[in-house]
*Asks:* 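Would you mind keeping the following structure in view while I ask a few things?
Ligands are counted one by one from 1 in listed order, and the atoms in each one are counted from 1 as well. Keep in mind the model is a prediction, meaning the values are calculated, not measured.
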Amino acid sequence: MDRYVYYFGDGRAEGNAKMKDVLGGKGAGLAEMTNIGVPVPPGFTISTAVCTYFYAQGRTYPPELQKQVLENLTTVERSVDRKFGDSGKPLLVSVRSGARASMPGMMDTILNLGLNDQTVQGLARSSGDERFALDSYRRFIQMYSGVVLEIDKEHFEHELFALRDRAGVRTDAEIPAESLRELVETYKNIVNKNGKAFPQDVREQLWGAVGAVFNSWNNQRAITYRKLNGIPDDWGTAVNVQSMVFGNMGDDCATGVAFTRDPSTGAKRFYGEYLANAQGEDVVAGIRTPLPITKAQVTGDEKSLEETMPAVFAQLQDVYRKLESHYRDMQDIEFTIQSGKLYLLQTRTGKRTGFAAVKIACDMVEEKLIAEQEAVERVEANQIVQLLAPVFEAKAKAEALSGGRQLGRGLPAGPGAATGRIAFNAEHAVDMARSGPVILVRIETSPEDIAGMHSAAGILTTRGGLTSHAAVVARGMGRPCVVGAGSLRVDYSRGELKAEGHEPLEEGDWVSIDGSTGEILNGQLPTRPSEVQQVLLEGSMKPEDSEIYRNFDRLLKWADAIRTMGVRTNADTPEDARVARLFGAAGIGLCRTEHMFFNEERILRVREMILARNEKGRRKALEELLPFQQADFEGIFRELDGLPVTVRLLDPPLHEFLPQNESQISSLARDMSWGFVELRAKVAQLHETNPMLGHRGCRLGITFPEIYEMQVRAIYQAACEVKKQGIDAQPEVMIPLVGTLKELQITSEMVRRVAAEVIEERGVDMQVVVGTMIEIPRAALIAEKLAANAEFFSFGTNDLTQMTFGYSRDDSGSFLPEYVDKKILPKDPFESIDQEGVGHLVRLGTERGRAGNPKLKVGVCGEHGGDPESIRFFRSVGLNYVSCSPYRVPVARLAAAQAELEHKAYEG
Ligand code: ADP
Ligand code: MG
Ligand code: MG
């Protein structure tokens with residue numbers, strides 16, 4: 001018989017941490033904690049296989065499920081000595097969703113399930129606390145109605161607030177038992193008025209809740225979250241049914257959440273928040289402001305758990321240590337204290353900022369918890385970009401602070417400086433972000449706000465702690481974020497953000513937030529490069545003053561020691577080349593020469609060259625351009641002393657260099673002493689309907705050989721020139737857009753001839769290296785023949801993607817998003833390589849190329865060269881290097897190391 005249910009409790013569990021696929025993250029964590037002796041209330045997990053079955057079989061369950069659930073329920077009953085539905089000593093359970101990857105707040109948990117009109121009395125008697133029993137009951141009706149019966153929770157909240165007013169109390173904990181009894185009746189009436197019935201049968205309650213969890217896998221919030229985080233829709237969720245422990249039974253009870261290290265900075269200190277006399281949901285909901293767990297966190301006159309419950313705090317510390325040394329990673333935990341006893345309800349690998357990820361990985365190597373290789377595996381390659389995020393300019397910020405521009409301060413929840421216009425809701429944020437940076441300002445955020453958070457440059461909330469929705473999601477997205485800025489007031493109805501001593505700010509006004517310190521400032525503030533850049537590029541900070549830089553550098557050096565694939569950069573200017581080299585690029589994989597043509601001084605000569613009536617005129621214009629190109633190359637060779645520089649000969653169609661509108665044409669006509677009509681006709685003649693497939697690339701080099709000749713001459717004259725000054729220039733010439741063997745033969749012979757002439761003239765010893773781009777599908781197919789004429793291939797995956805799919809990159813915006821939505825494509829193929837199709841051509845081209853020339857060097861220079869997932873693929877194909885934009889170089893170094901480790905593991 002298939003097993004669908006897994007028990008955990010009393011120090012033994014049928015599952016463990018490795019079974020996330022089956023038990024989901026939460027279930028696997030509960031099982032593992034049980035196994036290592038951490039106190040966990042007993043329960044069981046219904047596996048993800050049931051979710052798969054549920055959707056495949058018209059929302060029904062496998063026939064054997066019911067029996068397995070009831071057997072496990074009996075085991076739980078025995079363990080806690082209570083019975084489900086019993087009016088004397090009732091067992092209550094929570095029903096919790098849990099997918100393989102954590103999806104915070106995406107699906108709703110039901111607490112206190114098993115209460116009805118009879119069992120509530122049993123709970124009151126057995127606990128000796130009627131108020132607590134009624135409080136649990138009203139919570140249950142509200143949650144059950146919201147999640148299972150789909151009744152708007154506003155109705156219930158409204159009655160609760162009204163009751164608090166009538167009773168003259170401020171918090172839920174102060175509402176007297178009589179009022180709660182009334183409230184239970186009011187709640188049941190709300191359910192009836194909505195045409196539903198609240199089930200008194202506890203088994204009906206249980207199955208209703210289980211079904212709701214499975215159904216919630218396909219609610220809109222969950223779907224959006226999965227899409228943003230690349231979680232496959234077919235993974236499914238597990239359901240955890242767990243006996244309840246109560247944090248709301250009095251003042252020696254509490255509930256809280258904590259991290260074993262600081263999730264923003266990575267500092268090694270326990271960090272968390274708790275609420276006394278409350279149930280789990282209260283902490284996240286932000287109804288009351290939670291209190292700090294450690295004394296070190298205290299900022300005002302509030303009391304930490306360490307001070308109010310020292311004995312429990314000690315238990316908690318033991319658990320922290322046990323979990324960290326067991327998981328050897330930072331954990332994010334949920335706990336409840338019932339009458340002075342600690343229970344763990346969840347542990348998972350804590351989400352962290354890029355800063356924290358790097359620091360924790362490096363610290364844990366130092367603490368000998370993990371090896372260097374694991375440190376490299378731990379940091380998500382894309383996260384390292386955060387370490388390059390801007391900070392506020394120190395002087396401007398100090399002036400703003402002393403000038404009274406500080407509006408307030410919250411908790412630093414997501415590092416980085418952000419400045420932008422205020423948007424008070426997610427929809428406005430999405431709209432406004434089209435025309436400039438936006439700061440999303442909310443009292444608190446909820447899953448409905450995700451799209452707005454995504455488009456905002458920064459997020460500010462006035463309520464909630466470091467574990468609030470805003471903080472968790474912002475960290476995941478790498479957005480600068482400040483939460484819990486309690487001294488600020490957001491008034492949605494007036495559309496105002498109020499800070500004491502300041503004029504109210506309105507939507508559209510500028511505000512600045514520092515997600516590393518929590519400061520909120522009025523107006524716009526200039527930003528400065530990150531510490532890494534200050535050390536590396538500007539030299540304005542010393543390495544010994546920046547721990548961030550030192551860790552960044554250490555981690556990447558470990559990565560370099562692991563990876564076999566080279567990382568080069570796409571750079572067209574000496575400045576870009578310098579930046580990339582400092583970031584660790586081992587050469588230039590793509591230097592586009594056309595950018596050098598656009599400069600003001602040169603464009604006129606370029607136009608003269610294009611419009612020349614004959615070859616003689618063209619050669620004259622080219623001669624004037626040559627010194628410019630040569631000087632550009634000299635600059636680049638100097639920066640790349642000792643490293644290869646792949647220069648691509650001219651690629652775009654010529655008309656891109658010509659003016660298009662009448663007034664520009666007429667002024668050019670004047671500059672060149674042409675007739676306007678004549679020039680306009682010439683421009684029209686050069687116009688192309690479909691330039692992507694037009695007169696470009698080597699097609700230009702073949703029809704106007706003098707253009708390529710000039711470029712090759714400039715490259716080698718530059719190389720020889722700097723070589724004489726002791727600089728080791730290593731040019732590699734790359735022919736673009738080759739589709740036939742003849743094209744490559746003609747152009748490569750020309751390159752070798754001109755290069756040899758220059759080298760001969762200058763009497764310098766220099767190698768000539770010629771290669772081709774593979775960006776037309778036909779080139780990949782005839783790669784074996786091409787390789788006999790080339791020292792290297794470089795896959796131009798942008799064009800290769802365009803031509804393999806037949807999508808123009810510039811026009812695909814009108815349908816690609818819908819294609820991804822409808823799952824016609826798993827991803828935008830211009831962002832991450834389409835492994836099946838375009839990738840197949842890369843593999844084929846590489847294999848055939850190496851068959852034609854065993855010494856062939858193969859790289860890639862499209863956008864994909866900086867995308868971790870594509871890099872993993874390129875490693876599996878066996879490419880020699882990837883080339884990406886300068887700021888992606890650190891990402892690519894890390895991703896290439898991770899790809900190497902995966903590849904090795906795969907090869908065994
Ligand atoms: P989420 O995934 O949204 O965090 P959880 O399933 O973890 O949802 O639960 C929500 C809250 O309910 C958490 O604070 C958790 O600690 C609390 N909770 C869940 N199960 C129990 C239980 N058996 N006893 C007491 N509190 C619980
Ligand atoms: Mg949880
Ligand atoms: Mg191209």
Side-chain angles (χ1 to χ4, degrees), residues 8-9 23-30 33-34 39-46 73 76 79-80 82 84 91-115 123 132 135-136 139-140 142-144 146-147 206 209-210 212-213 216-217 219 221-222 225 237-249 253-259 272-275 277-288 290 316 331-339 341-351 446-447 465 467-469 471-473:
F8 57 87
L23 304 176
K26 203 177 283 167
L30 290 167
M33 285 197 291
T34 304
V40 174
F44 54 88
T45 305
I46 303 174
L73 195 59
V76 176
S79 166
V80 298
R82 291 179 162 272
F84 196 49
L91 165 70
L92 304 191
V93 297
S94 63
V95 175
R96 322 169 62 189
S97 63
R100 250 193 257 188
S102 94
M103 296 171 60
M106 285 294 118
M107 289 180 280
D108 293 305
T109 291
I110 297 171
L111 301 180
N112 310 325
L113 188 138
L115 281 174
L123 183 64
F132 150 74
D135 184 51
S136 303
R139 285 170 187 266
F140 173 52
Q142 178 172 346
M143 281 192 224
Y144 194 87
V147 177
L206 180 62
V210 169
V213 173
S216 74
W217 177 253
N219 72 27
R221 297 187 285 172
Y225 187 89
T237 180
V239 182
N240 300 288
V241 178
Q242 187 177 25
S243 53
M244 284 297 300
V245 286
F246 300 98
N248 56 334
M249 255 167 67
C253 300
T255 183
V257 288
F259 293 93
E273 291 153 346
Y274 82 104
L275 278 177
N277 201 3
Q279 273 199 327
E281 297 285 292
D282 301 348
V283 181
V284 205
I287 295 164
R288 280 193 270 154
L316 196 53
Q331 297 292 298
D332 167 355
I333 63 168
E334 290 174 10
F335 64 89
T336 284
I337 299 160
Q338 176 176 325
S339 311
K341 177 159 177 19
L342 174 72
Y343 294 92
L344 268 283
L345 291 166
Q346 189 168 334
T347 188
R348 60 182 172 212
T349 306
K351 283 220 160 73
S446 67
T467 51
S468 65
H469 179 265
V472 171
V473 174

*Asks:* Under 3.5 Å, is there a donor on one side chain and an acceptor on the other for R348 and Q331?
*Replies:*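 Short answer, no.
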*Asks:* Side chain, backbone, both or neither: which part of K26 has a heavy atom under 4.0 Å from ligand 1?
*Replies:*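 Within the 4.0 Å criterion, K26 contacts ligand 1 through side-chain atoms alone.
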*Asks:* Distance from S94 atom OG to F140 atom CZ, nearest 0.5 Å?
*Replies:*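 Result: 11.5 Å between the selected atoms.
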*Asks:* Looking at F132 versus F246, is the centre-to-centre ring distance below 6.0 Å?
*Replies:*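 Close enough - the centres of the two rings lie under 6.0 Å apart.
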*Asks:* Does any part of the side chain of F335, heavy atoms only, come nearer than 4.5 Å to the side chain of T255, both counted from C-beta?
*Replies:*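 Answer no - side chains too far apart.
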*Asks:* Should C253 and I337 count as side-chain neighbours, where that means a heavy-atom distance under 4.5 Å?
*Replies:*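 A side-chain contact under 4.5 Å is absent here.
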*Asks:* Find, among atoms of E334 that are N, O or S, the one nearest to the Mg ion (ligand 2), and state its name.
*Replies:*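 Relative to the Mg ion (ligand 2), the closest nitrogen, oxygen or sulfur of E334 carries the name OE2.
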*Asks:* For ligand 1, is any non-hydrogen atom under 4.0 Å from V93's backbone (N, CA, C, O), its side chain (CB onward), both, or neither?
*Replies:*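 Looking at V93 and ligand 1, no heavy atom falls under 4.0 Å.
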*Asks:* Where's the contact between E334 and ligand 1, heavy-atom distance under 4.0 Å: side chain, backbone, both or neither?
*Replies:*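 It is the side chain that gets close, since no backbone atom is under 4.0 Å.
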*Asks:* If I compare all heavy atoms of I110 with all of M143, which pair ends up nearest, and what's the gap?
*Replies:*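 Result for this residue pair: CA-SD, 4.0 Å.
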*Asks:* Applying a heavy-atom cut-off of 4.0 Å, say which part of M244 lies close to ligand 1: side chain, backbone, both or neither.
*Replies:*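 Under 4.0 Å from ligand 1, M244 contributes backbone and side-chain atoms.
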*Asks:* Relative to ligand 1, is S243 under 4.0 angstrom through side chain, backbone, both or neither, heavy atoms considered?
*Replies:*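 Backbone only.
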*Asks:* With a 4.5 Å heavy-atom cut-off, do D332 and T347 have their side chains touching?
*Replies:*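 No; the side chains remain at least 4.5 Å from each other.
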*Asks:* If the cut-off is 4.0 Å to any non-hydrogen atom of Q346, which atoms of ligand 1 fall inside it?
*Replies:*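 Counting from 1, the qualifying ligand atoms are 4 (O), 7 (O).
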*Asks:* Between Q346 and the Mg ion (ligand 2), is there a contact where an N/O/S atom of the residue lies under 2.8 Å from the metal?
*Replies:*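 So Q346 counts as coordinating the Mg ion (ligand 2), yes.
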*Asks:* Heavy-atom distances under 4.0 Å decide this one: backbone, side chain, both or neither, for V245 against ligand 1?
*Replies:*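 V245 to ligand 1: contacts from backbone and side chain alike.
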*Asks:* Would R348 count as a polar contact of ligand 1, with the cut-off being nitrogen or oxygen pairs under 3.5 Å?
*Replies:*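 Among all N and O atoms of R348, none is under 3.5 Å from an N or O of ligand 1.
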